[in-house]
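Heads up: the structure comes next, in structure tokens.
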Amino acid sequence: MKVQLEIVSPEKLLLSRPVDMVVIPAFEGEMGVLEEHTPMIVMLRGGTIRLYEGNNVTDRLYVSGGFAEVTPQRVTVLATEATPVAELSRGEGERRLAEAEAAYNSTDKNDIEALDAAMDRMQAAQAMIEAAEGA
């Protein structure tokens, strides 16, 4: 049995196809989704989405964050950014990490919302570096 997966970025529909399982980087931790999964909406953190056919990973995509809607038949990922792992650059991840760290260091430490946003950018950049290394 398969689950229909759609990955959408602000620019376009990136992927739409049935898969045996998808693992998404939910904010609370990695989450595997099979057909007949309990419906839910989850926030995504920066990380890698893995698509499975049987026991094999067929595709990996980096996402910098977003949301996923899970229904018993479908997973729709609304990603702020999505890139095939093979196209990632460690250098770009390091550049983003340096920018995020600088933003964090210059943020008013009483501005919790801005600090959280900077920390999310740091985590997403670190996930990009790790994904690029694993490509």
Side-chain angles (χ1 to χ4, degrees):
M1 303 296 260
K2 298 200 181 258
V3 61
Q4 181 66 31
L5 172 65
E6 290 188 346
I7 300 177
V8 182
S9 74
E11 295 85 29
K12 63 182 176 179
L13 173 66
L14 297 169
L15 184 133
S16 179
R17 72 171 203 229
V19 295
D20 288 334
M21 181 175 76
V22 60
V23 176
I24 58 176
F27 207 77
E28 297 80 14
E30 295 213 334
M31 181 176 137
V33 181
L34 300 164
E35 185 179 46
E36 300 301 322
H37 196 285
T38 301
M40 60 182 61
I41 296 177
V42 296
M43 287 181 52
L44 300 178
R45 61 178 165 72
T48 303
I49 295 176
R50 297 186 310 274
L51 286 57
Y52 284 81
E53 295 298 329
N55 292 327
N56 300 316
V57 175
T58 59
D59 291 292
R60 295 184 314 137
L61 293 101
Y62 163 80
V63 293
S64 60
F67 294 88
E69 178 186 27
V70 177
T71 70
Q73 297 80 28
R74 174 181 307 274
V75 177
T76 303
V77 173
L78 305 170
T80 53
E81 172 189 11
T83 306
V85 167
E87 296 176 15
L88 293 178
S89 157
R90 178 183 170 87
E92 175 64 14
E94 290 172 346
R95 183 191 66 75
R96 289 183 186 194
L97 181 58
E99 285 179 1
E101 288 173 340
Y104 180 84
N105 291 332
S106 66
T107 299
D108 176 0
K109 299 309 180 228
N110 293 317
D111 187 348
I112 302 303
E113 188 174 318
L115 288 172
D116 283 348
M119 288 176 67
D120 287 347
R121 287 194 305 276
M122 286 191 299
Q123 186 278 325
Q126 187 61 45
M128 176 184 266
I129 293 167
E130 291 169 8
E133 288 175 346

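Atoms considered below: every heavy atom in the structure, side chains included; atoms not considered: hydrogens, waters and symmetry mates. As the structure is a prediction and not an experimental result, all values here were calculated from the model.
Separation of atoms NZ (K12) and CD1 (I7) is listed at 12.5 Å; rounding is to 0.5 Å. Rounded to the nearest 0.5 angstrom, M119 CE and T107 OG1 are separated by 11.0 Å. Rounded to the nearest 0.5 angstrom, L78 CG and M43 CE are separated by 12.5 Å.
Nearest heavy-atom pair, A125 versus G93, reported as atom, atom and distance to 0.1 Å: CB-O, 3.8 Å. Between Y104 and K109, the closest heavy-atom pair is O-NZ, 2.7 Å. Across P10 and T80, no two heavy atoms sit closer than the pair CD-O, 3.5 Å. For A118 against A100, the heavy-atom pair with the smallest separation is O-CB, 4.1 Å. In terms of heavy-atom proximity, R60 sits nearest to G134 at NH2-O, 3.2 Å. Residues D20 and L34 approach most closely at O-CD2, 3.4 Å, considering heavy atoms.
Contact check for L13 versus L15: no side-chain heavy atoms found under the 4.5 Å cut-off. Two residues are said to be in side-chain contact when any heavy atoms from C-beta on lie closer than 4.5 Å; L61 and V85 fail this criterion. Annotation: side chain of P25 is in contact with side chain of V63 (closest heavy-atom distance under 4.5 Å). Within the 4.5 Å cutoff, side-chain heavy atoms of V42 are placed close to those of I24. Side-chain contact between V22 and M31 is absent, with no heavy-atom pair separated by less than 4.5 Å. When side chains are defined from C-beta on, V8 does not count as touching V77, because their heavy atoms never get closer than 4.5 Å.
A continuous path of ILVMFWY side-chain contacts below 4.5 Å connects V33 to L5, so both sit in one hydrophobic cluster. Hydrophobic clustering, with ILVMFWY side chains joined whenever heavy atoms are under 4.5 angstrom apart, groups L97 together with L115. Cluster annotation: I129 and Y62 are assigned to distinct hydrophobic clusters (Ile/Leu/Val/Met/Phe/Trp/Tyr, side-chain heavy-atom contacts under 4.5 Å, transitive). F67 is connected to F27 through a chain of hydrophobic side-chain contacts under 4.5 Å among Ile, Leu, Val, Met, Phe, Trp and Tyr, so both are in one cluster.
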query: How far apart are the C-alpha atoms of M128 and L88, what are their side-chain angles, what is the distance that settles it, and do they pass the side-chain contact (heavy atoms from CB on, under 4.5 Å) test?
result: CA-CA 7 Å; M128 176 184 266; L88 293 178; 3.9 Å; yes
- prompt: For Q126 and Q123, what are the C-alpha separation, side-chain angles and deciding distance, and is it a side-chain contact (heavy atoms from CB on, under 4.5 Å)?
  reply: CA-CA 5 Å; Q126 187 61 45; Q123 186 278 325; 5.7 Å; no
task: Output, in order, the C-alpha distance, side-chain angles, deciding distance and verdict of side-chain contact (heavy atoms from CB on, under 4.5 Å) for V19 and V3.
output: CA-CA 6 Å; V19 295; V3 61; 3.9 Å; yes
query: Could you walk me through whether Q73 and M1 pass the side-chain contact (heavy atoms from CB on, under 4.5 Å) check?
result: CA-CA 10 Å; Q73 297 80 28; M1 303 296 260; over 6 Å; no
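Pairs of residues two or more places apart, or lying in two chains, never qualify as side chain to side chain donor-acceptor pair (under 3.5 Å) while including a residue from residues 34-47.
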N/O donor-acceptor pairs under 3.5 Å from side chains in residues 47-58, not counting sequence neighbours:
unit_1 : atom_1 : unit_2 : atom_2 : d
R50    : NE     : Y52    : OH     : 3.4
R50    : NH1    : E30    : OE1    : 3.1
R50    : NH1    : E30    : OE2    : 3.3
R50    : NH2    : E30    : OE1    : 3.1
E53    : OE1    : K2     : NZ     : 2.6
T58    : OG1    : R17    : NH2    : 3.1
T58    : OG1    : L51    : O      : 3.3

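Between E99 and R96, no side-chain nitrogen of the basic residue sits less than 4.0 Å from a carboxylate oxygen of the acidic one, so the salt-bridge criterion is not met.
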